[in-house]
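Single-structure report; data block below.
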Amino acid sequence: MLHRPTSHSAAIGPGPVPSLANPGPALEQQPRHAPQAPSCGSEAFCVDPQALSSSHPRQHTQYPYVTGTSVLGITFKDGVLLACDTLGAYGSTKRYKSFDRLRKVNDVCMVGASGELSDFQYIMRLLEELSDDDFCMDDGHHLKPAEVHSYLTRVLYNRRNKMDPLWNSLVVGGFHSGKPFLGTVGMIGTSYTDAHLATGFGNHLARPLMREKHHPDMSEEEAVALMHECLKVCYYRDKNSINKFQLAKVTKDGVSISEPFALETNWGFKLFQNPAANAVGTW
Amino acid sequence: MFRNQYDQDVTTWSPQGRIFQIEYAMEAVKQGSAAVGLKSGEHAVLATIKRAPSDLSSYQRKIFKIDDHMGIAISGLTADGRILCRYMRNECLNHRFVYDSPMPLGRLVRQVADKAQLGTQRSWKRPYGVGLIVAGHDESGPHIFYNCPSGNYYDYKAFAMGARSQAAKTYLERQFETFAAASLDDLVKHALHALQASLQDGELTEKNCSVAVVGGDMPFTLLEDDSLAPYIAAIKEEEPAAAAGMEAEGAAAEGDAAAGEGGAAGEGEQQQEQQGGGGGDDGGEAPMEQ
């Protein structure tokens with residue numbers, strides 16, 4: 001029997017290649033794993049074979065299209081709070097208004113994302129695969145928040161080294177062995193942990209408030225109040241945000257992500273009346 | 001011409017439902033010198049008898065550190081053991097790099113077992129000729145695992161493998177109920193007593209054995225020579241007192257064990273035969289040194 005080439009191309013689909021479809025060099029199988037590659041999870045670190053074979057580097061992943069704005073995170077006495085709005089903006093168009101940017105990873109950990117939302121969906125797929133592996137192993141082990149944070153740091157740094165970054169700033173929140181965990185990863189793999197965090201615009205708008213009011217043993221009510229205040233300030237000053245937020249909590253009881261809610265706003269402040277007064281040259 | 005027409009290939013079944021090549025590989029483990037692993041609620045301990053191929057050579061290492069939280073003792077083909085050791089070190093380093101945390105023992109042991117299984121199902125491969133006792137400590141506490149050439153792996157409270165290890169097993173079976181609450185020093189002493197039992201003739205010295213300890217509060221540490229001497233001295237001191245009792249007990253135990261194995265049909269007999277053969281072969285004739 002003649003050997004028929006088999007396709008694993010997403011475009012052609014699995015199975016034998018129809019004779020009319022001429023599989024280019026992109027279809028040729030790349031070795032999936034280098035000999036020393038880790039036995040699982042290595043997909044995240046592999047170069048897309050298509051990027052190697054085409055004559056021009058692929059460029060449409062080099063800039064974000066549908067984006068989310070700031071994610072805020074604070075620790076409190078018995079857990080971590082994350083919050084952000086639910087907007088997926090296409091440029092400055094408010095294109096998708098109920099996009100969940102806070103996702104649960106497992107019972108002790110969740111991730112919030114700003115930046116390119118399709119890249120975030122890909123990242124969540126990687127994390128889901130890891131969680132599924134943990135489930136299949138059935139040995140009681142699962143990823144700890146610090147491990148998720150480290151893993152994402154590696155993934156994002158590897159991708160920036162391939163000049164094809166995942167365009168996200170991520171916040172990892174978790175609660176494990178009695179301690180809250182809060183860490184962030186930037187799109188080039190910069191990472192750190194802190195008692196309170198924000199990505200993007202929130203770094204300028206919300207962090208000052210957090211520095212003033214946050215203390216590590218604050219109660220949940222205090223933390224929620226501080227978070228509402230930060231969200232409101234971000235909403236006032238960030239044009240790429242909407243008044244539809246989600247607040248997520250990780251405690252010893254697990255992860256809970258709230259239904260979307262709106263905050264009461266007041267646009268009657270004196271400084272809002274004539275914004276141009278404080279910015280000479282604008283209209 | 002052949003004694004057994006079903007043992008030429010790993011992929012050939014015998015009509016009794018056995019695969020002889022795998023069983024032969026498991027016999028290789030028994031040719032190596034004895035190794036013991038045991039754990040308490042806090043610590044895991046490995047202990048091995050080292051052999052020197054000649055009076056002019058050094059003693060062959062049998063315990064290898066994998067990572068700060070685990071190590072292995074090997075028995076059988078040393079060369080195969082070193083390959084598996086390298087693989088395990090690699091996996092642990094990868095895990096530390098990616099997740100910034102020590103690798104869970106059960107996961108690694110399972111990967112090694114999967115790797116070993118491949119050798120039992122491919123016509124162009126052979127099973128590993130080495131048994132591993134993996135000792136370590138992770139989130140779920142201390143562990144002792146045994147990786148068999150057949151691709152099986154087992155979770156143990158205490159285990160012994162290698163030449164004349166039945167004597168060590170008998171000792172462990174008599175004592176294991178006290179291990180859970182034992183202190184680290186006691187655990188090491190139990191390990192050495194078990195080794196002593198399988199060292200048929202000759203003294204246990206700090207030269208011909210080595211011990212490794214690991215726990216939540218301490219990284220994997222190899223005890224050899226000077227650091228092992230106090231423990232050897234301690235069990236030597238206990239011996240005169242225990243000797244009288246032990247001897248009587250030991251005789252009874254051997255009787256028990258023989259009866260037990262005899263009851264387990266032909267397999268047990270074969271085992272004993274093989275162990276006898278292993279006992280005679282001290283020298284460095286085979287590549288199967290350990």
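Convention: sequence-line order gives letters A, B, ...; per-chain numbering from 1. Since the structure is predicted, the reported quantities are computational estimates derived from the model, not experimental observations.
Residues meeting the side-chain contact (heavy atoms from CB on, under 4.5 Å) test with A:V108, sequence neighbours left out: A:N106, A:H142, A:P145, A:H176.
Other residues, nucleotides and ligands contribute more than 12 heavy atoms inside 6.0 Å of the OH atom of B:Y156. The neighbour count for B:K125 NZ, taken as heavy atoms of other residues, nucleotides or ligands under 6.0 Å away, is above 12. Remark: A:D194 CG is packed, more than 12 non-hydrogen atoms of other residues, nucleotides or ligands lying under 6.0 Å away. Surrounding CD of B:E42 are at most 12 heavy atoms belonging to other residues, nucleotides or ligands under 6.0 Å away.
In this structure, B:H95 NE2 and A:S150 OG are separated by 9.5 Å, a value rounded to the nearest 0.5 Å.
In this structure, B:D138 and A:H141 approach most closely via the heavy-atom pair OD2-NE2, 4.0 Å. Taking each heavy atom of A:R154 and B:V98 in turn, the nearest pair found is CG-O, 3.7 Å.
Using a 4.0 Å cut-off between a side-chain N of Lys or Arg and a carboxylate O of Asp or Glu, A:K144 and B:D100 do not qualify as a salt bridge.
With a 4.5 angstrom heavy-atom cutoff, A:L143 touches chain B only via side-chain atoms.
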